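Only a predicted model underlies this, so the values are computations on that prediction, with no experimental measurement involved.
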Amino acid sequence: MGTVTLGVSIAVPEPYGSFLQERRAGFGDPHAHGIPTHVTLLPPTEVDASSLPAIERHLAGVAALGRPFRMRLSGTGTFRPLSPVVYVNVVEGSASCAWLQKRIRDASGPVARELQFPYHPHVTIAHGIPEEAMDRAYAELADFEAAWTVEGFALYEQGEDAVWRLEREYPFGAGADAPVPRQGDVSRPAATR
């Protein structure tokens with residue numbers, strides 16, 4: 001059956017998601033249009049495809065325990081020089097994100113894993129691009145603000161074309177057997193990129 005690469009995240013809603021994705025592309029990040037704007041709960045993780053039903057049940061169980069929470073983004077930060085990333089700060093909702101990601105990666109679950117760095121919720125706006133472009137991203141989005149209520153999270157799968165596609169949404173409090181059905185490819189056609 002093979003392996004698949006999965007990620008779990010909280011989508012940044014419109015109009016903020018598209019705005020940040022376009023800005024990321026404008027800074028020269030070649031991966032901008034293949035990665036929906038998000039806050040990561042489970043970083044890219046390779047799993048055996050046969051484990052997908054167990055992973056989906058696990059995520060539904062985590063979502064069933066979750067409750068809506070306020071998310072607020074404000075200003076920019078960076079992981080440089082440790083990692084070539086500039087991001088928008090999560091200034092409200094961090095504790096809820098940390099709670100969720102810890103349960104998703106729980107040692108007793110099907111996607112147990114250690115993180116390379118301590119968990120720090122953020123929205124990437126530049127990754128692995130020239131330093132001048134990273135500096136530009138940091139400065140130009142320093143005044144960015146957005147806020148919304150998070151109602152759940154989603155499972156994404158990375159395709160062979162390196163594009164991340166929505167597989168399933170998990171609304172909070174819906175019950176372990178009630179994930180939203182598969183949504184299909186949410187990537188935009190190449191002509192609109």
Side-chain angles (χ1 to χ4, degrees), residues 4-46 70-98 100-101 104-105 113-148 150 153-167 169 183-193:
V4 293
T5 301
L6 303 176
V8 178
S9 63
I10 295 168
V12 174
E14 297 303 334
Y16 315 118
S18 292
F19 172 78
L20 290 175
Q21 190 173 44
E22 290 303 321
R23 292 307 309 266
R24 184 172 179 173
F27 297 132
D29 191 323
H31 305 292
H33 287 296
I35 305 171
T37 308
H38 68 282
V39 175
T40 299
L41 297 175
L42 176 73
T45 302
E46 191 172 295
R70 184 93 170 137
M71 173 82 74
R72 190 164 68 87
L73 309 178
S74 181
T76 53
T78 185
F79 294 130
R80 296 181 293 173
L82 204 55
S83 181
V85 172
V86 172
Y87 57 85
V88 172
N89 295 304
V90 173
V91 297
E92 188 176 347
S94 293
S96 295
C97 290
L100 287 166
Q101 68 85 30
I104 290 168
R105 294 184 308 100
R113 69 169 287 181
E114 294 295 319
L115 298 178
Q116 184 178 1
F117 301 105
Y119 182 71
H120 179 88
H122 64 280
V123 177
T124 299
I125 53 171
H127 181 218
I129 58 176
E131 287 296 316
E132 305 77 37
M134 300 279 265
D135 293 342
R136 206 172 109 231
Y138 186 90
E140 290 182 16
L141 289 170
D143 294 330
F144 180 80
E145 297 278 338
W148 70 95
V150 176
F153 57 81
L155 173 66
Y156 290 82
E157 183 177 328
Q158 187 178 39
E160 291 181 17
D161 58 359
V163 173
W164 286 90
R165 292 175 176 85
L166 177 65
E167 286 296 315
E169 293 180 311
Q183 301 295 308
D185 181 3
V186 296
S187 64
R188 293 182 292 158
T192 63
R193 290 184 187 170

- Message: If you apply the rule side chain to side chain contact (heavy atoms under 4.5 Å, CB included), what do you find for L73 with V90, and how did you get there?
- Response: CA-CA 5 Å; L73 309 178; V90 173; 3.7 Å; yes
- Task: With sequence neighbours excluded, tell me which residues meet side chain to side chain donor-acceptor pair (under 3.5 Å) with T45.
- Result: R113
- Query: Which residues satisfy the salt bridge (charged side-chain N to carboxylate O under 4.0 Å, His left out) test with R70, sequence neighbours excluded?
  - Reply: none
- With H122 via ring pair (Phe, Tyr, Trp, His ring centres under 6.0 Å) - residues at least two apart: F79, Y87
- Item | Listed partners of D143 passing side-chain contact (heavy atoms from CB on, under 4.5 Å), at least two apart | none
- Item | Note: E145-R72 ion pair, threshold 4.0 Å (strictly below) | yes
- Message: Test of understanding: with ring pair (Phe, Tyr, Trp, His ring centres under 6.0 Å), list the residues that count as partners of Y16, not counting sequence neighbours.
- Response: none
- Query: Rounded to the nearest 0.5 Å, what separation is found between the CZ atom of F117 and the CG atom of L82?
  - Reply: 4.5 Å
- Query: What pairs with E140 under salt bridge (charged side-chain N to carboxylate O under 4.0 Å, His left out), at least two apart in sequence or on another chain?
  - Reply: R23, R136
- When rounded to the nearest 0.5 angstrom, what is the spacing between OG in S83 and NE2 in H127? 5.0 Å
- Task: Locate the shortest heavy-atom distance separating G159 from R165; write the atom from each residue and the value.
- Result: CA-NH1, 3.8 Å
- Can you list the residues that meet the side-chain contact (heavy atoms from CB on, under 4.5 Å) rule with T5, with sequence neighbours excluded? P44, E46, Q158, W164
- Message: Just verifying a value: how many Å separate I125 CD1 and M134 CE, rounded to the nearest 0.5 Å?
- Response: 9.5 Å
- Summary of salt bridge (charged side-chain N to carboxylate O under 4.0 Å, His left out) pairs that have at least one residue in residues 24-45, sequence neighbours excluded: R24-D29
- Residue pairs meeting salt bridge (charged side-chain N to carboxylate O under 4.0 Å, His left out), one or both in residues 79-88, sequence neighbours left out, come to R80-E131, R80-D135
- What closest approach, in Å, do C97 and M71 show between heavy atoms, and which atom pair accounts for it? SG-CE, 3.6 Å
- Qualifying residues under side chain to side chain donor-acceptor pair (under 3.5 Å), relative to E14, sequence neighbours excluded: S18
- Message: Tell me which one of V39, T40, N89 satisfies side chain to side chain contact (heavy atoms under 4.5 Å, CB included) with V123.
- Response: V39
- Minimum heavy-atom separation for P43 to L115, with atom names? CG-CD2, 3.8 Å
- List for me each residue that meets side-chain contact (heavy atoms from CB on, under 4.5 Å) alongside S9, sequence neighbours excluded, and say none if there are none. H38, Y156
- Atom pair CG (L41) and CG (L155), whose distance is rounded to the nearest 0.5 Å: 11.0 Å
- Locate the shortest heavy-atom distance separating T78 from V85; write the atom from each residue and the value. OG1-O, 2.7 Å
- Query: Does any non-hydrogen side-chain atom of L20 lie less than 4.5 Å from one of L141?
  - Reply: yes
- From L6 atom CG to E167 atom CD, the distance as rounded to the nearest 0.5 Å: 8.0 Å
- Query: Listed by chain and number, what are the side-chain contact (heavy atoms from CB on, under 4.5 Å) partners of A98, not counting sequence neighbours?
  - Reply: Y119
- Message: Ignoring hydrogens, what is the shortest heavy-atom contact between A154 and L166? Give both atom names and the distance.
- Response: CB-CD1, 3.4 Å
- Within a radius of less than 6.0 Å around NE2 of H31, do more than 12 heavy atoms belonging to other residues, nucleotides or ligands occur? no
